[in-house]
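Quick notes on the structure that follows.
All values derive from a computational prediction rather than experimental measurement. Each residue takes its place number in the sequence, starting with 1.
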Amino acid sequence: MRTMCIAVIECDSPIDPVRERLGTYGDMFERLLNSGLRSLKWENKVNLKVTKTSVVDNPVFPSPETYDAILLTGSKWDAFSDSGWIIELTKYVAKIFKETTKLILGICFGHQIIARALGASIGRGSKGWEIAVEPIALSEPGWSLFGKETLVCH
């Protein structure tokens with residue numbers, strides 16, 4: 001059985017009633033990842049080890065040698081802010097991309113941090129918050145991975 005180590009970087013904390021019922025964002029993603037393994041019938045092939053690190057109040061990041069992939073959670077904060085922890089997170093992600101081949105997945109705020117770390121311009125949308133299901137056109141590697149030309153994602 002292969003062990004896969006995932007570092008979940010918690011970029012926010014759920015509101016109290018949600019946290020009391022469902023735990024932290026890291027707890028939620030750990031359950032979702034394990035559920036995905038079960039639905040793929042991989043629970044006997046992959047042992048998932050999840051490390052959760054909250055970085056808002058204390059931006060200390062896990063060493064890349066300790067994980068196979070990193071997941072950046074969503075957040076109520078602006079990814080384009082110049083708050084100290086957001087700048088440090090952006091630098092950390094840029095360093096991971098530059099110096100390793102680690103897999104990085106960003107959820108909402110997290111994908112904006114990835115874009116910022118790679119030099120993309122990010123900012124507030126002119127029409128306000130976006131919450132929608134959108135078609136995503138895939139490139140050739142995406143076609144081979146998913147077996148289709150388009151994914152529909154939130």
How close do [X] and [Y] get, heavy atom to heavy atom, and via which atoms?
{"X": "Ser13", "Y": "Arg19", "result": "OG-NH1, 3.3 Å"}
{"X": "Pro62", "Y": "Ala7", "result": "CG-CB, 3.9 Å"}
{"X": "Ile122", "Y": "Ala115", "result": "CG2-CB, 4.1 Å"}

Rounded to the nearest 0.5 Å, what separation is found between the [atom1] atom of [X] and the [atom2] atom of [Y]?
{"X": "Met28", "Y": "Glu10", "atom1": "CE", "atom2": "CD", "result": "9.0 Å"}
{"X": "Asp68", "Y": "Thr101", "atom1": "CG", "atom2": "OG1", "result": "10.0 Å"}
{"X": "Leu145", "Y": "Ser139", "atom1": "CG", "atom2": "OG", "result": "10.0 Å"}
{"X": "Ile107", "Y": "Ile9", "atom1": "CD1", "atom2": "CD1", "result": "13.0 Å"}
{"X": "Glu30", "Y": "Thr51", "atom1": "CD", "atom2": "OG1", "result": "9.0 Å"}
{"X": "Leu151", "Y": "Ile136", "atom1": "CG", "atom2": "CD1", "result": "7.5 Å"}

Working note: Met4 + Leu37, criterion side chain to side chain contact (heavy atoms under 4.5 Å, CB included); need CA distance, chi angles, decisive distance, verdict. CA-CA 11 Å; Met4 183 169 196; Leu37 287 176; over 6 Å; no
Looking at Thr73 and Cys11, would you say the former's side chain and the latter's main chain have a donor-acceptor pair under 3.5 Å? yes
Tell me if a side-chain donor or acceptor on Arg116 pairs with a main-chain N or O of Ala79 at a distance below 3.5 Å. yes
Should [X] and [Y] count as side-chain neighbours, where that means a heavy-atom distance under 4.5 Å?
{"X": "Arg31", "Y": "Asn34", "answer": "no"}
{"X": "Phe29", "Y": "Val50", "answer": "no"}
{"X": "Ile70", "Y": "Pro64", "answer": "no"}

I'd like to know if [Y] and [X] are part of one continuous hydrophobic network [Ile/Leu/Val/Met/Phe/Trp/Tyr, side-chain heavy atoms within less than 4.5 Å].
{"X": "Val56", "Y": "Phe80", "result": "no"}
{"X": "Ile96", "Y": "Ile6", "result": "no"}
{"X": "Val93", "Y": "Ile87", "result": "no"}
{"X": "Val18", "Y": "Tyr25", "result": "yes"}
{"X": "Leu32", "Y": "Leu48", "result": "yes"}

Is [X] atom [atom1] crowded by more than 12 heavy atoms from other residues, nucleotides or ligands, each under 6.0 Å away?
{"X": "Lys102", "atom1": "NZ", "value": "yes"}
{"X": "Lys76", "atom1": "NZ", "value": "yes"}
{"X": "Trp85", "atom1": "CH2", "value": "yes"}
{"X": "Glu99", "atom1": "CD", "value": "yes"}

Looking at residues at least two apart in the chain, or sitting in another chain, which of them share a ring pair (Phe, Tyr, Trp, His ring centres under 6.0 Å) with Tyr92? Phe61
Taking only residues two or more places apart in sequence, or in another chain, which ones meet Tyr67 in a ring pair (Phe, Tyr, Trp, His ring centres under 6.0 Å)? none
Do Ile113 and Trp77 pass the side chain to side chain contact (heavy atoms under 4.5 Å, CB included) test, and can you show the C-alpha distance, the side-chain angles, and the key distance before you say yes or no? CA-CA 11 Å; Ile113 291 293; Trp77 307 105; over 6 Å; no
Verdict with supporting geometry, Val60 and Thr53, side chain to side chain contact (heavy atoms under 4.5 Å, CB included): CA-CA 8 Å; Val60 176; Thr53 304; 5.7 Å; no
With the threshold set at 4.0 Å, does a side-chain nitrogen-carboxylate oxygen contact exist between Asp27 and Arg21? no
Met1 vs Thr3, side chain to side chain contact (heavy atoms under 4.5 Å, CB included): CA-CA, chis, key distance, verdict: CA-CA 7 Å; Met1 181 181 293; Thr3 296; 5.8 Å; no
